[in-house]
Amino acid sequence: TFNPDPYGQPKNFPPGTAAISVDAADPDFQMPRVMRATLAYDRELPWGFRGTAEFMYTQTVKDVYYQNLNKVPTGAVSWDGRPLYKNYSSKFRDIPYLTNTGQGEQKNFALTLEKRWDFGLYFSGTYAYMDAESAFEGTSSRAISNWQYHPTRGDIYNAETSRSYWEIEDRFNFIVSQVFRTGPLTHNVGLFYSVQSGNPYSTLMGSDMNGDGYSTNDLVYIPNSTDDFILQGATPEQWEKFLDWSGLDAYRGDVIKRNASVTPWNRSLDFHYDLELPIKVVRTQVTFDVLNLLNLIDKDKGAVWYVSNN
């Protein structure tokens, strides 16, 4: 039976009762907030073009961070150097603890060039760069899920910043549209083309390397060479090619960082058409959109690469 009194929770359990999990929160927990500064510059360029440059810096002031208070160090380390953990109390399985971290920052830079012609043609091209680091993503709706699915190099109490899952390092956007009239009707036809680098993702060991009771958060260790482990189902050349393709080659002899790899680039082309009807009382438009037009034409084009449950 649920008891809303935090000081009246059950303490004594009959023999054979399974270990329970209890959620806890830092009494000084604060809602997430950031400090942000922006600087932008617009300029009219020759031949009727307009250019915009913008820089934005974001510093984390307070963000969510989860620990598991029932996991304590044993004093030993695993074969790849990770600290090992055990349960502080056998009566509890997990004690997810909500607290704050002040680590994390993001830098954004964008350049835009656009022009609008008198005969209805419009063009816009934008390049955007992002460099984002975070200590914790906090994407789940449950406390234990936030903790157990947060990739770690081994030390579960050390808030380590790394590339954010939400970072899109490079992005190019292009818009071309044409407005024209046929009698009383106004037409607008446009194309939107987007090319962007992939989403960061983490590669896990698939086993509980640090003894915290979960195999869903242990980042992979990269051996120095194929002489250090038994390779099955692949050749040494294929292993080397995989390390180079995934970006993990730089972590030989070490545990990788969170979100060390990035999926392939994504490309998308969207089509838009709208027809403005000659109604004076209210502005009325009929629109028609085709999202990911490339994939409609060729099923091998416009594919979006992502890693599930990342």
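A quick note: this is a predicted structure, and the numbers were derived from the prediction, not measured.
- Closest non-hydrogen pair, P96 versus D94, comes out as CD-C, 3.6 Å.
- There is a side-chain donor-acceptor pair under 3.5 Å between S134 and E137.
- Linking Ile, Leu, Val, Met, Phe, Trp and Tyr whenever their side-chain heavy atoms come within less than 4.5 Å leaves Y273 and L291 in two separate clusters.
- A side-chain donor from one of N108 and Q106 sits under 3.5 Å from a side-chain acceptor of the other.
- Every residue two or more places apart in sequence or in another chain that forms a side chain to side chain contact (heavy atoms under 4.5 Å, CB included) with Y306 is listed here: S308.
- Of the N and O atoms on the side chains of S202 and N259, at least one donor lies less than 3.5 Å from an acceptor on the other residue.
- Take D63 and apply the salt bridge (Lys or Arg N to Asp or Glu O under 4.0 Å) test, not counting sequence neighbours, and it matches no residue.
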From CA spacing to verdict: side chain to side chain contact (heavy atoms under 4.5 Å, CB included), L293, I297: CA-CA 6 Å; L293 180 63; I297 299 173; 4.1 Å; yes

Show the atom names and distances, to 0.1 Å, of all donor-acceptor pairs under 3.5 Å that link a side chain in residues 218-227 to residues at least two apart or in another chain.
unit_1: D218; atom_1: OD1; unit_2: M209; atom_2: N; d: 3.4
unit_1: S225; atom_1: OG; unit_2: D227; atom_2: N; d: 3.3

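- Membership of the apolar cluster around V72 extends to Y88, as traced through chained side-chain contacts below 4.5 Å between ILVMFWY residues.
- N68 and Y214 share no donor-acceptor pair across their side chains, judged by distance under 3.5 Å alone.
- Side chain to side chain, S215 and D208 fail the donor-acceptor criterion of an N or O pair below 3.5 Å.
- Side-chain atoms of N217 and H150 form no donor-acceptor pair, as typed in the model, at a separation below 3.5 Å.
- Between the S194 side chain and the N173 main chain, no donor and acceptor come within less than 3.5 Å of each other.
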Hey, mind stepping through Y97 and W147 against ring-ring contact (aromatic ring centres under 6.0 Å, His included) and telling me if it holds? CA-CA 9 Å; Y97 180 70; W147 181 81; over 10 Å; no

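- By the 4.0 Å N-to-carboxylate-O rule, D254 lies close enough to R153 to be salt-bridged with it.
- In this structure, V61 belongs to a hydrophobic cluster whose other members, linked by side-chain heavy atoms under 4.5 Å apart, are M35.
- Applying side chain to side chain donor-acceptor pair (under 3.5 Å) to T58 and the options K107, R36, E105 leaves one that passes, R36.
- No donor-acceptor contact under 3.5 angstrom links the side chains of S197 and D170, judged on distance only.
- Looking only at distances, no side-chain donor or acceptor of S164 sits under 3.5 Å from a matching main-chain atom of E133.
- Counting only residues at least two apart or on different chains, the ring pair (Phe, Tyr, Trp, His ring centres under 6.0 Å) pairs with a member in residues 26-65 are Y65-F136.
- In the model, H272 has a side-chain atom that pairs as donor or acceptor with a side-chain atom of D274 under 3.5 Å.
- A salt bridge links R252 with E240: the distance from a Lys NZ or Arg NE/NH1/NH2 to an Asp or Glu carboxylate oxygen falls below 4.0 Å.
- Under the 4.0 Å criterion applied to side-chain N and carboxylate O atoms, E276 and R283 are assigned as salt-bridge partners.
- Ring-centre distance between F172 and Y127: below the 6.0 Å cut-off.
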